[in-house]
**Q** 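So that we are looking at the same thing, I have put the structure below in structure tokens.
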Amino acid sequence: MTKQVAYFPGCALEGSAREYDVSTRRVFAALGVELLEVPDWVCCGASSTHGRGQEVALALPAHALRAASQMGLPLMSPCAMCYSRFKLASLELAHPEARARTEAALGQDIGELPSVLHPLQVLDEIAPQATVPLDIKVASYYGCLLVRPPAAGFDDQENPTIMDRIVAGWGAQPVSWAFKTECCGAGMALARPDMVARLSRRVLEQARQAGAEVVVVACPMCQANLDLYTGEKDTPVLYITQLIGLALGLSPRELMLGRHLINPLPLLRAKGLVNHG
Amino acid sequence: MDMNGGPRIVGFLCNWCSYAGADMAGTSRMSYPPNIRIIRVPCSGRVDPLLVVKSFQQGADGVLVAGCHPGDCHYTEGNYYARRRFALLRPLLDFVGIEQERLRLEWVSASEGRKFSRAVASFQEELERLGPRGHRG
Amino acid sequence: MQSVIPTSGFRVEVERESGEVISRCYQCGKCTAGCPAAFAMDGGPRWLLRAVQLGMRSEALDSTTIWMCLFCSACHARCPAGIDIPRVLETVRHISLKERRPPASKEVALFHRIFLGQVAGLGRVHELGLGGTYNLRSGHPLANIGLVPRMLARRKLPLLPYRKKVRWFKRLLSEEKKSGD
Amino acid sequence: MVKVGVFLCHCGRNISEVVDVPRVAEAVRHLPGVTYVDENKYMCSEPGQAAIRQAITEHGLTRVVVASCSPRMHEITFRRAAAQAGLNPYLVEMANLREHCSWVHADDHEAATLKAIELVKKAVARISYNEPLTPQPIPMTRRALVIGGGIAGIQAALDIAAAGHQVTLVERESTIGGRMAQLDKTFPTLDCSSCILTPKMVEVAQNPNIELLTYSEVESVSGFVGSFEVQIRKRATLVDHVKCTGCGICWEKCPEKVPSEFDLARGKRSSIYIPFPQAVPVKPVVDQVHCRYIKYQEFEASGAEGKKPPQCRICEKLCPPQALAWDQEDEAVTEKFGAIVVATGYDPFDPTVYGEFGYGQYPDVITGLELERLLSASGPTEGHVLRPSDGTPPKTVVFLSCIGSRDEERGKAYCSQICCMYMAKHAIVLKEHDPEVQSYIFYIDNRAVGKGYEEFSRRAQEDAGAVYLRGRVAKVFPQDGKLVVMGEDSLIGRQVEIAADMVVLAAAVVPSRGADEVARMLNISYDSDHFLVEAHPKLRPVETHTDGVFLAGACVSPCDVPQSVSRGSAAAAKTLALLSKETLVGEPTTAVVDALRCSGCQLCLEVCPFNAISTQVVAGRTVASVNEGLCKGCGLCSAVCRPAAIGVKGSTHKQLLAEVASLWT
């Protein structure tokens with residue numbers, strides 16, 4: 001039984017976060033979920049449309065929602081930012097006025113609004129099929145956009161558990177910690193790298209104090225900020241799809257584990273999660 | 001029908017909330033159209049359809065039933081009965097040629113003098129819009 | 001210290017555009033208390049809501065608070081009055097942009113402008129180009145420069161962008177800009 | 001033939017300034033039945049009333065219409081005047097010429113005068129259908145029930161007993177004392193809570209007028225003021241409290257220790273236990289969930305295989321008077337009461353809804369009530385405040401106000417009233433316990449509105465050195481063995497981070513579990529927060545809309561000890577006003593059934609909110625029958641009665657139809 005979703009990788013997954021794209025495609029293929037990439041997709045606008053009025057903010061997500069609608073599939077993006085923009089836009093576009101204005105701006109009908117998914121929601125529904133035991137302590141880092149704003153989030157705002165549940169299902173040991181949903185600095189990396197460094201360091205420090213050997217994330221911004229703006233000796237930060245990939249027996253090369261600045265391979269080798277490469 | 005002095009309204013007001021609310025409108029000198037006649041009843045749930053029909057027969061252009069807010073009924077649930085009863089009665093009024101807008105149900109608490117006076121004024125406006133009874137356009 | 005003469009016009013303006021009822025805020029401060037960006041702000045979210053309540057229009061429009069917001073929504077999730085505070089900040093930012101006021105954070109404003117320009121011109125964001133353009137135009141040519149060779153070595157920064165103009169979005173951006181006049 | 005007298009009031013100039021009163025008099029003089037018309041400047045004055053009395057006597061009036069102010073103002077006045085002249089008071093009607101006429105139509109004298117004439121006509125039309133009514137006497141059972149044995153219930157019971165009346169105090173727990181018994185000290189005097197409460201508890205136990213039923217719950221209530229029938233379930237204690245001397249050997253020797261509810265699970269108790277040393281009665285109960293012998297019996301009864309639990313029965317072996325009663329069962333008793341006081345109290349709000357504070361996750365985040373137990377000399381740490389995590393004394397303690405209060409999104413909209421003061425108290429008491437303690441109090445508005453409260457709050461700051469920070473905390477998280485508290489001082493406009501040893505949450509006050517069930521049994525209302533609703537928030541603060549049921553303590557709204565005591569005494573005073581009478585005078589405006597017209601459809605039974613209607617067989621036909629003691633005269637029955645067989649005296653079909661028929665004629 002193959003499940004299909006309209007797949008929207010997003011700009012980061014074409015660039016700095018290509019390992020997230022690749023590991024997501026491989027893991028979902030292994031789990032029998034077919035990802036059909038949205039053709040000619042356009043950036044979701046990210047946080048840059050904040051403060052530019054409703055029309056500008058809605059137009060770009062609406063473009064993606066329309067594409068998924070035409071495919072007749074739910075729209076899934078591994079990027080928490082894209083997911084959040086789509087989810088919020090689909091809620092706002094339920095209002096006829098906002099919809100009419102946005103359709104006028106797009107010059108096209110949006111059609112029936114598709115449901116909006118994040119890979120975590122899909123993974124939560126799939127029974128784990130681990131072949132390699134993940135004997136490793138994991139801090140699940142959710143960041144902001146998977147749980148907030150309340151209308152778009154899909155788990156508890158202060159202590160979400162969906163990712164902990166998933167990693168535990170695949171055999172890893174989630175640690176309980178207090179910074180699961182503290183912000184990493186989001187899209188401020190260029191304009192205010194000082195903010196990103198300060199916030200990201202604190203997140204990683206909390207994960208370390210809680211006993212985590214590795215931090216898993218489900219957002220390219222979170223990964224980039226924690227990975228790039230801390231120290232190369234810090235706790236490694238993996239995408240959840242990379243961790244699940246390891247449990248499925250995929251190789252570090254297949255999961256592009258060599259692309260992180262905080263090199264996870266020594267740890268993964270020591271833990272016996274990686275035999276080669 | 002004679003519309004001198006504006007449309008005629010019969011107001012059935014529950015003793016505990018709405019009659020006291022109308023008193024409050026008086027105490028606070030909040031004026032409203034004079035052509036309303038207030039009949040005090042123990043509870044909005046006491047107002048049976050016969051009283052409404054008789055009022056129209058008597059020449060009323062509109063009937064206002066006012067009771068305590070939902071949840072505040074002195075008798076716990078009389079206002080809910082009133083609400084249900086008049087929801088059923090309205091379509092029947094249409095059937096006998098009385099526009100259903102001519103029967104109005106309002107919740108007015110003992111402290112809501114302003115609400116009462118506004119309710120009477122807005123009802124009167126609506127009745128003026130509808131025109132004399134039995135002459136619907 | 002300048003005295004404040006409370007007025008309601010600005011509050012009404014922000015309430016109308018944001019759809020949030022700002023008079024619900026009773027200044028408990030839970031928003032600022034947990035705001036990850038507050039250290040980089042002049043007043044913080046609670047202050048901004050107060051400024052809007054009191055009609056301190058220019059102070060609000062020229063504050064860094066509206067630019068430093070990370071839209072993490074921690075404040076919104078915790079607000080006992082249920083106010084979507086980022087929405088309010090965003091609205092004040094929008095008013096400030098429409099009035100062509102010099103942004104209190106040139107860096108953040110510039111970043112977003114370049115970002116949206118890329119979206120309109122390329123269809124997708126090209127990180128290397130975004131960073132390069134930002135560095136050139138911000139007057140911080142060396143910002144984040146240490147990261148570039150390390151990222152290039154790990155092939156994290158593709159050299160060539162995707163290219164497909166999004167004309168309708170470009171038009172929308174320029175219309176939105178004009179609407180401020 | 002009725003003889004109606006119409007009395008027109010000028011109300012000074014309140015009516016006559018707008019309404020042409022002499023013209024009204026002329027217009028109504030020749031209405032059918034009207035035999036006398038009079039005007040007076042103030043009908044309600046003694047000369048005005050005298051005029052009514054005199055006219056009744058001299059002119060043989062059989063009906064009186066007073067056209068003056070609202071009947072809600074002076075109906076009683078004029079009914080009394082009529083009664084003095086020998087006329088049945090229910091033969092008086094009023095026309096409301098002031099609130100409903102002159103005051104609201106001041107800008108149109110002509111319209112107001114015409115309306116005034118119609119209003120008098122309407123009253124005259126109605127009054128010919130008025131009948132003399134006689135209130136039914138309601139017998140009074142001169143005994144009261146108090147539900148809830150906290151300080152409010154204790155006070156109410158003691159006051160009723162002191163007046164010489166019998167009172168039964170029902171308490172769900174095995175001891176009375178309630179929340180106050182859990183407190184260490186009370187603000188603003190810092191009296192030791194048990195020192196001032198225990199004497200009252202003992203007095204309850206010793207007062208011959210008080211029947212104390214602990215470990216008991218009210219199961220059902222029927223009847224009405226004067227004769228409530230109440231079924232009470234006395235739960236099995238498995239200890240014969242007549243034989244038991246309260247020596248304490250059993251609870252000392254019982255080997256099965258479990259978390260103590262009284263100590264909010266911060267300490268332990270035995271499974272045969274009294275909740276705390278000063279408990280009243282000082283008689284233990286067996287906790288049937290944890291007792292080893294009960295588990296053994298259940299194992300035997302189940303016929304399960306495997307290792308048997310120990311029989312234990314140590315308490316039974318050691319009990320000098322042999323008071324253990326393993327066969328004891330719950331007992332239901334039904335008793336009759338004239339009046340009921342509800343004093344069901346409060347529970348603390350559950351702070352686990354705020355994931356950001358980590359209550360239940362970090363052991364050193366505790367509630368204010370839990371801190372009371374740690375401060376109490378009879379508490380689990382014998383008055384030494386120690387961190388639950390590692391048993392060390394905390395030096396930096398941070399208090400968070402409004403946990404669940406003033407939060408419409410995840411808590412309650414209201415202010416819990418007591419928290420600001422108990423935070424101040426905790427800061428003072430902690431400093432007394434250990435001068436090295438530094439307290440920080442995050443508050444939003446420091447509410448210190450009682451006698452001596454503001455001064456007390458100053459003491460916390462000036463003498464105990466507590467640092468007050470204006471702002472709500474966003475998050476608490478562990479770091480390096482401490483709890484970091486993230487807040488804002490909104491007065492200076494800066495974020496604040498404090499590394500605390502202990503964090504105390506001022507959890508909101510919510511109605512006690514089950515208070516809403518009690519309310520439903522008693523047919524009294526509760527609000528959206530499940531606080532019980534008083535008859536009038538200002539003028540009838542301890543009464544309810546159900547006659548004979550009164551409210552005391554925090555079941556109405558959050559309140560502190562002095563207010564609980566006041567409410568307890570107030571409810572007792574209202575109760576005593578009832579119990580002082582042999583019989584009550586009921587309102588005669590009740591429903592009445594015309595058995596000949598009744599079709600027996602029983603629609604009236606369904607709509608009656610007071611279960612006042614039942615059926616009876618008259619001449620072989622089943623017809624409705626009204627219990628006048630229960631009927632409140634709402635008239636729901638008469639509105640649904642198709643054959644118009646049931647009517648409410650004072651609001652009959654004839655009266656109301658006559659009013660309608662008089663309009664615009």
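Being a predicted model, the structure only gives us computed values, none of them experimental. All chains are named by letter (A, B, ...) in the order of the sequence lines, taking the proteins before the strands, and each is independently numbered beginning at 1.
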**Q** Side chain, backbone, both or neither: which part of D:Glu356 has a non-hydrogen atom closer than 4.5 Å to chain C?
**A**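 Just the side chain, heavy atoms under 4.5 Å.
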
**Q** Decide if atom NZ of D:Lys395 counts as having more than 12 heavy atoms of other residues, nucleotides or ligands within a radius under 6.0 Å.
**A**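 Buried by this count: over 12 neighbours within 6.0 Å.
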
**Q** Check each atom of C:Ala74 against the heavy atoms of chain D and say whether the ones under 4.5 Å are side chain, backbone, both or neither.
**A**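 It is neither, since no heavy atom gets under 4.5 Å.
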
**Q** Could you tell me which portion of C:Cys79 (side chain, backbone, both or neither) has an atom closer than 4.5 angstrom to a non-hydrogen atom of chain D?
**A**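 The answer is the backbone of C:Cys79.
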
**Q** Got a second to check how far D:Arg494's CZ is from C:Phe39's CZ, nearest 0.5 Å?
**A**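 Between atom CZ of D:Arg494 and atom CZ of C:Phe39 there are 14.0 Å.
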
**Q** Sub-3.5 Å donor-acceptor pair from the side chain of D:Glu488 to the main-chain atoms of C:Cys35, do we have one?
**A**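 No.
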
**Q** Working to the nearest 0.5 angstrom, can you tell me the gap between C:Lys30 NZ and D:Met486 CE?
**A**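 So the NZ of C:Lys30 and the CE of D:Met486 are separated by 11.5 Å.
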
**Q** Would you call C:Arg24-D:Glu408 a salt bridge at under 4.0 Å N-O?
**A**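 Between D:Glu408 and C:Arg24 there is a salt bridge, with a charged N closer than 4.0 Å to a carboxylate O.
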
**Q** For the pair D:Gln495 (side chain) and C:Thr32 (backbone), establish whether a donor and an acceptor sit closer than 3.5 Å, ignoring hydrogens and angles.
**A**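 It does hold such a pair.
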
**Q** Testing the basics here: between C:Ala33 and D:Arg472, what is the closest heavy-atom pair and its distance to 0.1 Å?
**A**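 Closest approach of C:Ala33 to D:Arg472, heavy atoms only: CB-O, 3.4 Å.
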
**Q** Are more than 12 heavy atoms from other residues, nucleotides or ligands located less than 6.0 Å from atom CZ of C:Arg101?
**A**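 Atom CZ in C:Arg101 is crowded, with more than 12 foreign heavy atoms closer than 6.0 Å.
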
**Q** Near D:Lys482 NZ, under 6.0 Å, is it more than 12 heavy atoms from other residues, nucleotides or ligands?
**A**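 Counting other residues, nucleotides and ligands, NZ of D:Lys482 exceeds 12 neighbours.
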
**Q** If I measure from the heavy atoms of chain D, does C:Arg78 come under 4.5 Å with its side chain, its backbone, both, or neither?
**A**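 Contact with chain D: backbone and side chain both.
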
**Q** Of the backbone (N, CA, C, O) and the side chain (C-beta and beyond), which part of D:Tyr354 lies under 4.5 Å from a heavy atom of chain C, both, or neither?
**A**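 For D:Tyr354, the contact with chain C is made by the side chain alone.
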
**Q** Give, as side chain, backbone, both or neither, the part of D:Arg406 having an atom under 4.5 angstrom from any heavy atom of chain C.
**A**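 Contact with chain C involves both backbone and side-chain atoms of D:Arg406.
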
**Q** I'd like to know which of C:Gly43, C:Gly29, C:Cys28 tops the heavy-atom pair count under 4.5 Å against chain D.
**A**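 Of the options given, most contacts go to C:Cys28.
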
**Q** I'd like to know if the side chain of D:Arg410 reaches the main chain of C:Pro80, judged simply by a donor and an acceptor atom lying under 3.5 Å from each other, with no hydrogens or angles considered.
**A**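 Looks like no, no N/O pair under 3.5 Å.
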
**Q** Heavy-atom pairs under 4.5 Å with chain D - which of C:Gly44, C:Ala38, C:Cys75 has more of them than the others?
**A**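 Heavy-atom pair counts peak at C:Ala38.
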
